[in-house]
*Asks:* 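Could you have a look at this structure, given as structure tokens, before my questions?
These numbers come from a predicted model, not from an experiment. Convention: sequence-line order gives letters A, B, ...; per-chain numbering from 1.
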Amino acid sequence: MDSKVRVRFAPSPTGGLHLGGVRTVLFNYLFAKHHNGEFILRIEDTDQTRFVPGAEQYIQDTLAWCGLTPDESPLHGGAYGPYRQSERKAIYRQYADKLIEQGNAYYAFDTPEDLDAKRKEIPNFQYSRAHRMDMKNSVSLGADEVAELLKNNTPYVIRIKVPENEEVSLDDVIRGHVSFDTSIVDDKVLLKADGMPTYHLAVVVDDHLMKITHAFRGEEWLPSAPVHVLLWKYLFGLDQMPKWAHLPLILKPDGNGKLSKRDGERLGFPVFAMDWFDPNTNNTTIGFKERGFLPEAFVNLLAMLGWNDGTDKEIFSIEELIANFSLDRVHKAGAKFDYEKAKWFNAEWIKKTDNDKLAPLVRRYLDEANIEVHDPNYLVKIIGLVKERCHLLPEFVTQSSFFFKAPSSIDTASIAPKWDAKKLGFFDELAKVYTSKIEGGLLTAPATELETEFKELGAKHELKPGELMLPFRIMLVGGKFGPGVFEIVEAIEFKDTVARIEKSLQLLSSN
RNA sequence: GGAGCGUUCGUCUAACGGUUAGGACGCCAGGUUUUCAUCCUGGUAAUACGGGUUCGAUUCCCGUACGCUCUACCA
């Protein structure tokens with residue numbers, strides 16, 4: 001590599017960032033960091049009609065949550081700003097003019113209505129060499145007429161003049177040699193009537209000005225690549241062109257096709273990285289973050305969609321990803337998104353993450369459920385007890401609420417059928433034993449001791465542990481779930497244990 | 001319609017001419033856990049099709065089929 005690696009992610013701020021977008025960011029980021037290069041965020045907001053308030057902030061927030069912070073961006077600044085294309089409007093004009101001067105572009109005066117009419121008239125109409133002379137532009141019109149139109153401020157766009165019968169090709173880092181015949185590429189608009197560039201002009205000009213060395217984007221861009229190659233050739237020289245890498249698409253889980261926001265709504269899983277509130281529709285689209293994904297897991301699962309390190313390893317920290325990432329291990333074909341596997345990644349990361357780091361995140365969901373946490377250390381301890389049975393953060397609520405308050409309902413129906421006086425006698429005495437401990441100034445005891453004592457008491461009542469454990473569990477947590485019974489007793493202590501036994505005994509007797 | 005890209009278990013993928021085609025998720029069965037989950041063991045299941053090239057093709061070439069993307073003064 002002859003110069004410092006510089007890559008960019010260039011979204012248009014029109015809504016939430018979906019999986020595919022974040023993965024593009026991730027591959028950019030990993031590639032840049034692997035090569036000790038720079039990652040730039042550039043906002044492609046040249047379409048003023050599609051501007052959505054808050055979308056740019058959302059993108060920045062999302063990158064921050066994922067830990068994929070750009071080195072240069074509208075927010076961070078940098079030596080190649082501004083990083084919003086709308087603020088670079090004047091820059092593009094001179095390159096469009098240069099193309100006109102060189103004869104590589106021309107003015108086109110056709111109105112949108114003219115074009116619509118043409119498209120209706122001619123099936124598969126393309127504004128290209130085939131029809132160029134039938135249209136109203138500076139190639140088909142005489143010089144005087146063009147001058148007159150310009151003088152009268154007739155609205156116009158600038159279009160690229162695609163040469164005939166040339167082969168345009170690029171060496172895509174992922175796909176290898178890809179070539180196109182210019183006879184099938186149309187004269188794309190470069191500069192719109194409002195003076196703003198289209199993507200085609202802007203991406204080439206900005207990649208050049210921002211010294212981008214490698215340009216990554218979704219595979220959907222491949223068909224327009226010849227336009228960009230041509231522009232590079234005309235403007236800056238092919239030897240200056242960044243290396244292209246067209247990333248495979250992320251597909252919907254059922255059927256085929258690109259994954260969309262709708263698929264998530266339809267199938268019940270998030271597609272956006274974070275909750276996205278659309279100010280135009282007043283709708284919020286759920287995000288991975290709010291669904292209870294850890295950013296580490298989110299990044300990890302995205303990385304594995306289309307990339308692997310060649311071994312069986314699947315769980316990667318961001319540092320490991322940076323160290324091992326390489327473009328030649330990126331898959332060519334699109335990948336269907338599998339939400340079940342996504343949850344598996346999250347479960348792995350929950351198990352892997354320190355309890356005290358999990359605590360504030362879990363706390364959020366506990367707060368939402370109105371479960372009061374008085375002692376942060378207690379929370380950390382409880383997280384350690386239940387984390388391995390949680391795939392998603394919100395599951396901590398059901399898995400741990402009984403550690404903080406008595407269960408709101410007790411599944412006595414599961415106890416009642418085998419309930420008898422013998423068992424009643426046992427639990428009655430158990431409550432008394434614990435009460436006397438409280439009176440003796442004892443708050444709790446280690447789980448192993450509790451278990452031994454419990455079994456001894458059971459033997460005294462001629463009851464087997466197997467007959468006692470499930471009823472006891474249900475009395476404490478309300479149902480057939482949760483960690484070890486005596487760990488629960490140890491955590492909630494004698495006082496609450498006694499209260500829950502007595503409450504259950506009451507319920508059982510009233511049945 | 002046209003162009004480009006793609007095609008290994010249901011899904012994510014490994015195997016850069018020679019493997020009983022490997023791993024993971026899911027699913028099923030068993031074990032551990034006197035609950036559930038975790039964990040462990042085992043099982044299920046794939047090279048789209050047809051031609052070449054080759055001693056030998058998942059792998060290289062050609063064709064077919066299928067799928068996807070694009071085909072806007074959107075990105």
*Asks:* Nearest of B:rU13, B:rU35, B:rA3 to any side-chain atom of A:Phe180?
*Replies:*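 Out of B:rU13, B:rU35, B:rA3, the nucleotide with an atom closest to A:Phe180's side chain is B:rA3.
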*Asks:* Remember a base hit wins even if backbone is also touched, and classify A:Gly257 as base, sugar-phosphate or nothing at under 4.0 Å, heavy atoms.
*Replies:*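 A:Gly257: backbone/sugar contact only, no base atoms under 4.0 Å.
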*Asks:* Students often mix this up, so state it plainly: with edges at 30° and 60°, are the rings of A:Tyr339 and A:Phe269 parallel, tilted or perpendicular?
*Replies:*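 The arrangement is parallel - the two ring planes meet at less than 30°.
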*Asks:* Angle class for the A:Phe325/A:Phe27 ring planes (parallel below 30°, perpendicular above 60°, tilted otherwise)?
*Replies:*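 Ring orientation, 0 to 90° scale: tilted.
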*Asks:* Applying a 4.0 Å non-hydrogen cut-off, can you work out what A:Lys258 is touching in the nucleic acid: base, sugar-phosphate, or nothing?
*Replies:*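 Sugar-phosphate contact only - A:Lys258 comes under 4.0 Å of backbone atoms but never of a base.
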*Asks:* A:Val178 side chain: which of B:rG2, B:rG1, B:rC5 is closest?
*Replies:*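 In terms of side-chain proximity for A:Val178, the closest of B:rG2, B:rG1, B:rC5 is B:rC5.
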*Asks:* Return the 5'-most residue of the pair A:Gly334, A:Lys480 with respect to RNA chain B, ranking by each residue's nearest nucleotide.
*Replies:*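 The residue closer to the strand's 5' end, by nearest nucleotide, is A:Gly334.
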*Asks:* Using side-chain heavy atoms (C-beta onward) and a distance below 4.5 Å, is A:Leu191 in contact with A:Arg93?
*Replies:*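 A:Leu191 reaches A:Arg93 side chain to side chain.
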*Asks:* Nearest to the A:Glu220 side chain among B:rC12, B:rU69, B:rA37, which nucleotide is it?
*Replies:*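 Selected nucleotide: B:rU69.
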*Asks:* Please work out if A:Thr198 contacts a base, only the sugar-phosphate, or nothing of the nucleic acid, heavy-atom cut-off 4.0 Å.
*Replies:*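 Sugar-phosphate contact only.
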*Asks:* So which nucleotide from B:rA75, B:rG6, B:rC73 ends up closest to the side chain of A:Ala333?
*Replies:*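 When the side chain of A:Ala333 is considered, B:rG6 is the closest of B:rA75, B:rG6, B:rC73.
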*Asks:* When you compare B:rG22 with B:rG42, how far apart are their P atoms, in angstrom units rounded to a whole number?
*Replies:*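 14 Å, rounded to whole Å.
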*Asks:* Can you confirm whether A:Lys357 is buried at NZ, in the sense that more than 12 heavy atoms of other residues, nucleotides or ligands lie under 6.0 Å from that atom?
*Replies:*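 Atom NZ in A:Lys357 is not packed in, count stays at 12 or less.
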*Asks:* With rounding to the closest Å, how many angstrom separate the P atoms on B:rC12 and B:rC68?
*Replies:*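 Result for the P pair: 15 Å, nearest Å.
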*Asks:* Can you check the distance between B:rA46 and B:rU38, where both ends of the measurement are the P atom (answer in whole Å)?
*Replies:*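 The answer is 27 Å between these two P atoms.
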*Asks:* Select base, sugar-phosphate, or nothing to describe what A:Gly484 touches, counting heavy atoms under 4.0 Å on all strands.
*Replies:*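 The residue A:Gly484 makes base contact.
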*Asks:* When you look at NZ of A:Lys503, are more than 12 heavy atoms from neighbouring residues, nucleotides or ligands closer to it than 6.0 Å?
*Replies:*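 Count not over threshold, so no.
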*Asks:* Write down the partner of B:rG6 under the Watson-Crick or G-U wobble criteria, each distance required to be under 3.5 Å.
*Replies:*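 Checking every strand shown, B:rG6 finds its partner in B:rC66, with both distances under 3.5 Å.
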*Asks:* With sugar-phosphate meaning primed atoms plus P, OP1 and OP2, does A:Asp194 contact a base, only sugar-phosphate, or nothing at under 4.0 Å between heavy atoms?
*Replies:*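 No contact.
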*Asks:* Listed by chain and number, what are the ring-ring contact (aromatic ring centres under 6.0 Å, His included) partners of A:Trp349, not counting sequence neighbours?
*Replies:*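 Residues passing ring-ring contact (aromatic ring centres under 6.0 Å, His included) with A:Trp349: none at all.
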*Asks:* Side chain to side chain donor-acceptor pair (under 3.5 Å) with A:Tyr127: which of A:Asp110, A:Asp187, A:Asp134, A:Asp186?
*Replies:*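 Result for side chain to side chain donor-acceptor pair (under 3.5 Å) with A:Tyr127: A:Asp110.
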*Asks:* Is there a donor-acceptor pair under 3.5 Å between the side chain of A:Thr412 and the backbone N or O of A:Ile415?
*Replies:*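 Side chain of A:Thr412 to backbone of A:Ile415, a donor-acceptor pair under 3.5 Å: no, none is there.
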*Asks:* Calculate the interatomic distance between A:Asn300 atom CG and B:rC12 atom P; express it in whole Å.
*Replies:*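 Nearest whole value for this atom pair: 17 Å.
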*Asks:* Applying the Watson-Crick and G-U wobble criteria at under 3.5 Å, what pairs with B:rU71? Answer none if nothing qualifies.
*Replies:*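 B:rG1 - that is the nucleotide pairing with B:rU71, both distances being under 3.5 Å.
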*Asks:* Summarise how protein sits on nucleotides 21-29 of chain B as a single string, 5' to 3': B when a protein heavy atom is under 4.0 Å from the base, S for sugar-phosphate-only contact, - for no contact.
*Replies:* --SBB----
*Asks:* Which nucleotide wins on minimum distance to the side chain of A:Arg329, given the candidates B:rU71, B:rA75, B:rA15?
*Replies:*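 Nucleotide nearest to A:Arg329's side chain: B:rA15.
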*Asks:* Please pick, from B:rA14, B:rC73, B:rA75, the nucleotide with the shortest atom-to-atom distance to any side-chain atom of A:Asn308.
*Replies:*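 Out of B:rA14, B:rC73, B:rA75, the nucleotide with an atom closest to A:Asn308's side chain is B:rA14.
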*Asks:* Which ones in residues 46-60 of chain A lie close to RNA chain B, meaning a heavy atom under 4.0 Å from one of its atoms?
*Replies:*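 Going residue by residue through residues 46-60 of chain A, the ones with a heavy atom under 4.0 Å of RNA chain B turn out to be A:Thr46, A:Asp47, A:Arg50.
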*Asks:* In terms of relative ring orientation, are A:Tyr58 and A:Trp276 parallel, tilted or perpendicular, with 30° and 60° separating the classes?
*Replies:*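 Because their plane-to-plane angle is over 60°, the rings of A:Tyr58 and A:Trp276 count as perpendicular.
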*Asks:* What's the verdict on side-chain contact (heavy atoms from CB on, under 4.5 Å) for A:Val299 and A:Phe316, showing C-alpha distance, side-chain angles and the deciding distance?
*Replies:* CA-CA 9 Å; A:Val299 161; A:Phe316 288 87; over 6 Å; no
*Asks:* Students often get this wrong, so: under 4.0 angstrom with heavy atoms, is A:Arg217 touching a base, only sugar-phosphate, or nothing?
*Replies:*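 Counting heavy atoms under 4.0 Å across all strands, no contact is made by A:Arg217.
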*Asks:* Checking all strands, does A:Pro155 fall into the base, sugar-phosphate, or nothing category for heavy-atom contacts under 4.0 angstrom?
*Replies:*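 It contacts nothing in the nucleic acid.
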*Asks:* Side chain of A:Arg159 only, please: which of B:rC73, B:rA75, B:rC70 is the nearest?
*Replies:*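 So the side chain of A:Arg159 is nearest to B:rC73.
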*Asks:* When you measure from the side chain of A:Leu470, which nucleotide among B:rU35, B:rG4, B:rG6 comes out closest?
*Replies:*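 Closest nucleotide among those given: B:rU35.
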